[in-house]
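In what follows, residues are counted from 1 in the order of the sequence shown.
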Amino acid sequence: MARGNLRIYLGAAPGVGKTYAMLSEAHRRVERGTDCVVAFVEHHGRPRTEVMLHGLEQVPRRELEYRGGVFPEMDLDAVLARRPQVALVDELAHTNVPGSRNTKRWQDVEELLTAGIDVVSTVNIQHLESLGDVVESITGVRQQETVPDEVVRRAGQVELVDMSPEALRRRMAHGNIHTPDKVDAALSNYFRPGNLTALRELALLWVADRVDAHLTQYRSDHRVSQIWGSRERIVVGLTGGPEGRTLIRRAARLAEKGAGGEVLAVYIARSDGLTSASPKELAMQRTLVEDLGGTFHHVVGDDIPAALLAFARGVNATQIVLGSSRRKTWQYVFGPGVGTTVARESGPDLDVHIVTHGEVAKGRGLPVARGARLGRSRRVWGWLIGVAGPPLLAALLAAVDLGLANDMLLFLALTVAAALLGGLFPALASAAVGSLLLNYYYSPPLHRWTIADPKNIVAILIFVAVGVAVASVVDLAARRTHQAARLRAESGILSFLAGNVLRGETGLEDLLERVRETFGMESAALLERASDVEPWTCAGCVGQGRPVERPDQADVDMPVGDHMALALTGRVLPAEDRRVLAAFAAQAAVVLDRRRLREEADRARTLAEGNRIRTALLAAVSHDLRTPLAGIKAAVTSLRSEDVEWSEEDRAELLAGIEEGADRLDHLVGNLLDMSRLQTGTVTPLIREIDLDEVVPMALGGVPEGSVGLDVPETLPMVAVDPGLLERAMANLVENAVKYSPSGTPVLVAASALADRVEVRVVDRGPGVPDEAKDRIFEPFQRHGDAPRGAGVGLGLAVARGFAEAMGGTLDAEDTPGGGLTMVLTLRAAGPRPELRRAADHTAEPERQAS
C-alpha cells in the first residue's frame with residue numbers, strides 16, 4: 001500500500017491564517033471531486049474560520065473523560081474506517097488527552113499516512129522540537145507541545161502562511177483571533193512586535209533552508225552543474241596562512257549585504273603538501289568562521305584551483321573570496337598561481353574576489369614542495385633538457401675549443417639539470433646522449449665512435465656514473481619529499497578528525513559528511529548486517545543521488561570488521577588514500593556504537609524510571625488506600641451493629657465519614673490509574689502550568705485543622721507539574737511531617753523561587769533524621785528509628801519522591817535549624833507572576849489556537 005502524502009501549513013504565530021488556508025484548500029479539492037473530510041479542526045470561536053467548515057464532511061469526534069472533565073479528540077479509528085482520500089487534521093503538535101491510542105497527534109497522523117490517506121495539517125514554528133530553546137529565549141514561554149523536525153521535513157509540501165507583525169496585531173485588536181477580554185493581555189505579552197518579528201524570521205529561515213535542500217536535491221538529480229544564484233553563498237579559500245582571518249571577515253561583510261547570505265570557509269590540503277598550513281592558525285580561523293555564523297570544510301585535492309572550483313559549484317556558491325598571493329615575484333616563473341587560475345576558470349557564474357592583505361608578496365612561511373613526486377611539467381622539461389639539451393650544447397661548443405675536461409663538465413651540468421627537473425630517466429637519457437656526443441665530437445679520434453686514449457674511456461664512464469648517481473639522488477629525494485608531504489597531509493586530516501571527537505562532534509551523519517567532503521565524493525554511507533547471510537542495511541548516509549545498498553555497488557568500500565563497511569560513490573580512490581579512509585571508517589563504527597550505547601542507556605534510564613514509578617504505585621496502593629478503607633469499614637460496621645442505637649446526629653456523622661472516605665478513595669484511584677498508564681508507557685504525566693496555591697491547600701485535607709501553617713506568596717511564578725501527582729506528593733510529605741511533629745507545634749509549608757526553580761519546604765520540629773539515614777528514608781518499607789507500627793509501613797516518602805521525579809523535580813531531606821526535618825521539593829518554574837500568566841493563558845499554549 002502506497003504511503004499517503006503530508007501537506008503542512010506552517011505559520012510564525014497563532015492567528016496568521018493556517019487553518020483558514022487549510023480549509024480553503026479543502027474546498028478547492030472537494031470542487032475537483034476529491035473525497036476530503038475534516039478529521040479534526042478547531043475554529044476557537046472565530047466566525048470566519050467556522051464558516052469555512054460549512055460544506056465539508058466532518059468525522060464525529062471522540063469524547064474522553066479525564067479528571068472529571070470531558071474532552072473532544074480526533075476519532076482515529078473512525079477516520080481509518082471512513083478511509084477518505086484526504087483528511088484535515090489541525091494542530092499537528094497537539095498532545096492527546098490521556099486514554100487516547102497515541103500520546104501525540106502527529107503519531108495519529110503517521111497512522112493515517114501509513115494507511116495511504118493523504119493528510120493536510122497545520123503547525124506553528126515554535127512547536128518544532130529543535131527550536132524550543134530559541135523560542136523560549138524570544139518569548140519567555142517554554143513550549144510543552146512539540147513535534148519532531150523530521151516529521152515536518154518528511155512532508156511532501158510545506159507551505160508558509162505569512163503575515164506581518166503589524167497586520168497580525170491589527171487582527172488581534174479587531175477581535176478576529178481572541179475575545180475582547182483577552183486582547184490587551186495578548187498584545188502586551190506574547191503578541192509583542194519583537195516576539196512576532198523574531199518568530200517570523202525563524203519561520204522564513206526554516207522554510208528557506210528546506211527550499212535550499214530541495215534545490216540541491218533537484219540539481220543533483222538532474223545533474224545541473226551551472227550555478228543558480230538564488231542565494232548568496234560565499235566560499236572563502238584558506239591556505240592556513242595569517243591572511244585567512246582577513247578573508248573570513250571580508251566574506252562575512254559581503255554575506256551581510258545580501259539576505260540569507262552564507263559563508264563557507266574551505267581549506268584544501270594537497271596530498272603532496274604544496275600548501276604550508278599552520279594547524280594553530282587553521283584552528284583559530286575555524287573558530288572565527290563559526291563565530292560569524294559560517295561553516296568550515298576540509299577537502300583533499302591535488303589540483304587546488306580545480307578542487308576549489310568543484311567545491312564552490314557543488315555547494316551552489318555565487319562568490320569566491322581569495323587572498324592576494326604571498327609568493328615573491330621570482331616565484332611566478334613556476335605558474336600563474338591559484339588566484340589567477342581560479343579567476344580564469346571560474347566562468348561567468350562565479351564572482352572571484354581577490355582581497356589584499358598584509359602578507360602579500362612576503363613569501364610562504366615554509367618551503368614549497370613541488371608536484372606529485374615530480375610534476376608533469378617538470379618531467380616534460382626534464383625530458384626536453386635530457387634529450388634536446390646535449391645536441392644544442394654540442395652545437396654551441398662546436399665554435400669553441402674548451403678541452404675535453406671542460407666539455408665533460410658542461411655536459412655533466414646539463415645531466416644534473418635534467419635530473420633536478422625530470423628525475424632519473426631524463427637524466428639517464430641525458431647521460432647517454434651526452435656520452436655519445438662526447439665520444440663522437442670531443443674524444444680522439446674525432447667523428448668516430450671509437451676512443452684512442454684509455455683515459456678518455458675512464459672519463460666518459462665517470463661522467464655516466466655521476467649523471468646516474470645525481471639522477472638517483474634527485475629521484476629518491478623527490479620520493480621522500482612526496483612521502484613526507486603526504487604523511488603530513490594525512491596527519492593533518494587525522495588530527496582534524498580527532499579534534500572533531502574532542503569537540504563533541506560525534507554525529508554519524510556529520511562524520512560521513514566530513515568523509516564525503518574530504519575525499520571529494522558524491523555520497524558516503526555506513527552499511528552493516530547482522531551476519532554473512534543477512535541483507536545489508538544503511539546505518540547512515542549523506543550526499544547526493546540514491547545511496548548504495550551493498551558495498552559492491554560503491555566505487556570505494558572500506559570494510560570495518562566482519563559485518564560493517566563504509567561505502568563511497570563518485571570516483572575510485574588511489575590506494576594511498578585508503579589509510580586515511582580506514583581511520584574515518586573506524587571512527588564511524590565507534591560513533592555508531594556510541595550512539596547505540598547512548599540509546600541503550602536512555603532505554604535503561606526509562607526502565608529505571610518505570611521501576612521507580614511502579615514502586616511508588618504499589619506503595620500508594622498499600623499505604624494510601626488503607627486509611628480511608630479502615631474508616632469506611634468502621635463506620636459501616638457501626639451502622640450495621642444491632643447492639644447500639646444510634647441517634648440521627650451520630651448516624652449522619654458516620655455517613656459523612658463514609659462519604660468523605662469514598663470521595664478520597666475516588667480521587668486517589670483516579671490518580672493511581674493515571675500512574676498505572678504511566679508505568680506501562682501509554683501516557684506521560686500531564687504537565688501543565690499552575691499556581692502552587694491552587695494545589696497545596698488541597699493536599700492538607702487529610703491532616704487535623706490547625707496542624708499546618710502555609711507561607712506560599714502570591715508573587716511566585718507558576719510551576720510546570722502534574723497537579724494530581726503534586727497533590728499526592730505534598731499530601732504524603734505533610735502527613736509524614738505532622739506525624740512526627742510534637743503536639744501543638746504546627747508544620748510549616750513554605751515556598752520560594754530560586755532562579756528557574758520553585759522550592760517547596762515542609763518543615764517540622766520533630767526528632768529529625770541523622771545524615772547517614774536521610775537517603776534511606778526514601779526507600780520503600782523504611783521507617784526511621786523506633787516509629788510505632790501504627791505510623792505506617794514506610795511508603796509515604798517513597799511515593800512522594802517517585803511522583804516528584806516523574807514530574808522532573810527532586811525531593812531531598814535537610815535538617816531544620818533548631819531541630820527537626822525539612823523536606824525540600826524542587827519543581828520547574830513555568831513563567832512570570834501568576835496574575836500575568838493568567839492574563840496570557842491563551843498565548844502560553846498557542847498550540848490550542850488554530851488560525
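Thr569 and Ser523 share a side-chain donor-acceptor pair at under 3.5 Å. Checking Thr318 against Glu232 by side-chain atom types alone, a donor-acceptor pair falls below 3.5 Å.
A 4.5 Å side-chain heavy-atom check between Leu410 and Leu393 finds at least one atom pair inside the cut-off. Taking 4.5 Å as the limit, every side-chain heavy atom of Glu549 sits out of range of all side-chain heavy atoms of Trp536. Counting heavy atoms from C-beta outward, Trp206 and Leu160 have side chains that stay 4.5 Å or more apart. Looking only at side-chain heavy atoms (C-beta outward), Thr341 and Glu345 come within less than 4.5 Å of each other. A heavy-atom distance below 4.5 Å is found between the side chains of Leu526 and Leu592.
Side-chain N or O atoms of Arg516 include none that pairs as donor or acceptor with a backbone N or O of Ala524 at under 3.5 Å. Side chain of Asn5 to main chain of Ala155: no donor-acceptor pair is present (N/O by atom type, distance under 3.5 Å, no hydrogens or angles). In this structure a side-chain-to-backbone donor-acceptor pair under 3.5 Å is present from Arg313 to Ser346. The closest donor-acceptor contact from the side chain of Asp557 to the backbone of Ala567 lies at 3.5 Å or more, if one exists at all. A donor-acceptor distance shorter than 3.5 angstrom exists from the side chain of Thr537 to the backbone of Glu528, with no hydrogens or angles considered. The backbone N or O of Ser130 sits less than 3.5 Å from a side-chain atom of Asp149, completing a donor-acceptor pair.
Applying the side chain to side chain donor-acceptor pair (under 3.5 Å) test to every pair with at least one member in residues 423-432, sequence neighbours left out, gives these pairs: Thr415-Ser430.
Take Arg249 and apply the side chain to side chain donor-acceptor pair (under 3.5 Å) test, not counting sequence neighbours, and it matches no residue. The side chain to side chain contact (heavy atoms under 4.5 Å, CB included) test applied to Asp593 returns no partner, not counting sequence neighbours.
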